[in-house]
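Here the structure comes first, spelled out in structure tokens, and everything after it is commentary.
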Amino acid sequence: MLQSQLFIPTLKEVPNDAVVTSHVYMLRGGYIRALGAGIYSFLPLGYKVVKKICEIIREEMDAIGGQEFHLPALNPREIWEETGRVEAFGDTMFHVKNRDYVLAPTHEEIITYHARKVVNSYKELPQIWYQIQTKFRNEPRPRSGVIRGRQFLMKDSYSMDTSYETLDKSYLLHDEAYRKIFGRCGLKFFVVGASSGAMGGTGSEEFMVQSPAGEDTVAHCEPCGYAANVEVAISVIPSVRREPVSKDLYDISTPNVKSIDELCQFLNINERQTAKSRVYFANESPVLVLMSGNDEVNETKLEKAIGSGIRPAHPEELKDISGADAGSIGPIGFKGKIIADLRLKGGNNLISGANKNDFHTGGIDLERDVKNLEFADLRTVEAGESCPNCSKPLQVFTAIELGHIFKLGTKYSDSMGANYIDETGGEHPIVMGSYGIGVERVMACFIEQSHDEKGMIWSKALAPYHIHLLGLNLKKEHLLEASTQIYNQLKNAGFSVLFDDRIDAQAGVKFNDADLLGMPVQIIAGERKLAENKVEVKVRKTGERFDVEIISLNSFISGLLEKL
Ligand code: ATP
Ligand code: MG
């Protein structure tokens, strides 16, 4: 392709609204342009990458027996009302004004609608149906470019089975296909066992990449592969120390001491000698949560331990519940359920609030002094703590979800009445799975992982072109002719080449643009080398440079691409 004829509106400056690296480079490289908040147009270079990702996905989905569909994005609202998800999606769902239609944020309902009409017998199952289709979600904070768009391309697939055992097989096929897809795309990813959240169902896994642009925080152990969202991650840490003799309870006057740090300073003690109190309501009954020192309550874990519908107590409610304000609340004499973090198990001679303003109680032996005390893992894992599987130190970082696989079970087939008939004529709901990949998000995440200060660095698998041929000084006719000859030589040999044939662009501009656009191999055709019948070949990723004879250029490039 001739660069003079390709629309690549590169930018020198970083656009104001772009902070995430992939967003900056996709805009600067003329790969995308914004149309509105969270709405992007893909320009020719960007769309080439999207199509390459789609092809990899198609090949791997077809390899597991997936059949490609194309479902409408414009959906009758009444179908979505069958599962109650118009309400569940709330403001995230786009509604078409004055018509009973919605724009699909995902396609479980539409797949189940078709399955209800066409699948009758166990003989027709299993099925894997997939599509690569635009989704619409009115994301409240579209940012990070195409990582979180309001309109985005998703590969979504749905498995239909007669039993949970065969669902496990369909799920595993997807798990394997996803590992191949992301591996072929060149992504360094890891897999997190996740909770299925609003989608319903039982097992689910998220495929993630580490990125500062991520909105999820995960704990990851590279040596053994343990990975979990910090909402559920666990670690191995020492419990608080138990002293040989438990003291009797005693009151300590602590005027104006509110926080754990103030308490430790005031009494000159270590935070592990204290038990911090947090008051919650669970279904409107007060619950005292005890944590060691400054450890923070992880509300997802708390909810799991005591049931859903929790909320922190408001400051003005505390006195009524405990007799004291925040900073002076503790387990001794607290009327209501008390639950303590596992780290406090066995703890004695602890200091906590006295349920009396400006007083703390010392000598607390939790198991001795607190009736019906329950323990649960309630704290958030921190970096450096030991992995629960292999004891190596955990890393904690932000990450982006590339894909998600769910075992839906019969949530949708039940609510929409999609049944099959078994061997004996009995009717059962189809057992389903649902599996998504964000196509443009894969592209952005690749850039997040593969760039330098000059621009993007594409892999062979995703690059819009493999080779960027830079013709220099093309105002000189013999140089234009020589560069064009090299272009034709490469093109005729079947290489994918972008030829920077711009007559007016300076060499420096061409070098900068080539580094920004990120094709894996650059061929620089400059006057001095051409005079020796040579060109310079540069590997974008490593910066390695080679002088290569034009006659042997094709075989040299083949060998190089083979290795990349
Ligand atoms: P997130 O937690 O990032 O909002 P999600 O859990 O809502 O993701 P799913 O409903 O599982 O995502 O969608 C499947 C895939 O679609 C995701 O793994 C992600 O790659 C992609 N995706 C989801 N929302 C967006 C979006 N707003 N823009 C781009 N891609 C998205
Ligand atoms: Mg979402």
Side-chain angles (χ1 to χ4, degrees), residues 20 22-23 26 32 34-40 42 46 49-50 53-54 56-57 61 73 85 88-94 103-111 130-158 171 174-175 177-179 181-182 185 187 189-201 203-211 213-218 229-231 300 398-408 411-412 432-448:
V20 173
S22 54
H23 190 194
M26 285 163 89
I32 60 167
L35 187 63
I39 315 176
Y40 292 92
F42 276 77
V49 180
V50 167
I53 297 169
C54 289
I56 291 174
I57 292 175
M61 288 307 301
R85 282 220 295 179
F89 271 103
D91 289 341
T92 305
M93 188 174 237
F94 282 106
L103 296 177
T106 174
H107 276 92
E108 279 81 6
E109 275 76 358
I110 307 308
I111 280 286
Y130 80 95
Q131 64 169 344
I132 297 176
Q133 164 65 309
T134 302
K135 302 284 188 267
F136 297 88
R137 293 184 186 178
N138 192 10
E139 299 279 2
R141 287 176 307 280
R143 52 180 181 176
S144 316
V146 301
I147 289 173
R148 186 168 297 287
R150 287 191 161 132
Q151 160 170 347
F152 60 96
L153 261 190
M154 195 199 286
K155 185 291 293 178
D156 45 327
S157 45
Y158 306 88
Y171 182 86
H174 277 89
D175 180 278
Y178 275 37
R179 286 170 199 271
I181 289 167
F182 299 131
C185 288
L187 288 157
F189 65 95
F190 58 94
V191 185
V192 173
S195 76
S196 319
M199 298 293 267
S204 101
E205 277 171 356
E206 291 174 347
F207 291 74
M208 316 278 293
V209 291
Q210 178 175 0
S211 163
E215 292 174 31
D216 286 316
T217 306
V218 295
N229 197 299
V230 287
E231 287 175 359
T300 309
T398 54
I400 302 175
E401 178 192 314
L402 290 171
H404 201 167
I405 58 179
F406 296 100
K407 289 182 193 171
L408 291 173
K411 181 179 154 95
Y412 296 92
M432 295 175 61
S434 131
Y435 316 87
I437 294 178
V439 175
E440 299 106 324
R441 197 179 274 194
V442 166
M443 174 175 175
C445 287
F446 181 85
I447 299 170
E448 289 294 319

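Every number for a ligand or one of its atoms is a count from 1 in the order of the listing. Keep in mind that the numbers below use all heavy atoms, side chains included, and drop hydrogens, waters and symmetry copies. None of these values were measured; they are calculated from a predicted model. Heads up: numbering here begins at 1 and tracks the sequence.
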### N or O contact, Glu401 vs ligand 1, cut-off under 3.5 Å
yes
### Message
Only heavy atoms of Gly403, strictly under 4.0 Å: list the atoms of ligand 1 that pass.
### Response
18 (O)
### Query
Just by distance, do the side chain of Arg150 and the backbone of Glu139 share a donor-acceptor pair under 3.5 Å?
yes
### Message
Is a donor from one side chain sitting under 3.5 angstrom from an acceptor on the other, for Glu205 and His404?
### Response
no
## Note on the structure
Counting from 1 in the order shown, the ligand 1 atoms closer than 4.0 Å to a non-hydrogen atom of Glu139 are 24 (N), 26 (C), 27 (N)
### Query
Which ligand 1 atoms are under 4.0 Å away from a heavy-atom of Leu402?
18 (O), 20 (O)
### Query
Hey, is Ile147 one of the residues with a heavy atom under 4.0 angstrom from ligand 1?
yes
### Which segment of Arg150 sits under 4.0 Å of ligand 1 when only heavy atoms are counted
neither
#### Entry: Proximal atoms of ligand 1 relative to Gly149 (non-hydrogen, under 4.0 Å)
26 (C), 27 (N), 28 (N), 29 (C)
### Message
As an exercise, identify every atom of ligand 1 less than 4.0 angstrom from a heavy atom of Gly438.
### Response
15 (C), 16 (O), 19 (C), 20 (O), 21 (C)
### Message
If you apply the rule side-chain hydrogen bond (donor to acceptor under 3.5 Å, both in side chains), what do you find for Tyr178 with Lys155, and how did you get there?
### Response
CA-CA 11 Å; Tyr178 275 37; Lys155 185 291 293 178; 2.8 Å; yes
### Task
Flag the pair Tyr40 / His23 as yes when their ring centroid distance falls below 6.0 Å, and as no otherwise.
yes
### Task
Pull out every atom of ligand 1 sitting under 4.0 Å from any heavy atom of Val146, numbered as shown with elements.
29 (C)
### Query
Does Lys135 make a cation-pi contact with Phe152, if we ask for NZ or CZ under 6.0 Å from the ring centre and within 45° of the axis?
no
### Task
Give a yes or no on whether the ring-centroid distance for Phe182 and Phe207 is below 6.0 angstrom.
yes
### Message
A side-chain contact here means heavy atoms from C-beta on lying under 4.5 Å apart; do Tyr158 and Glu108 qualify?
### Response
yes
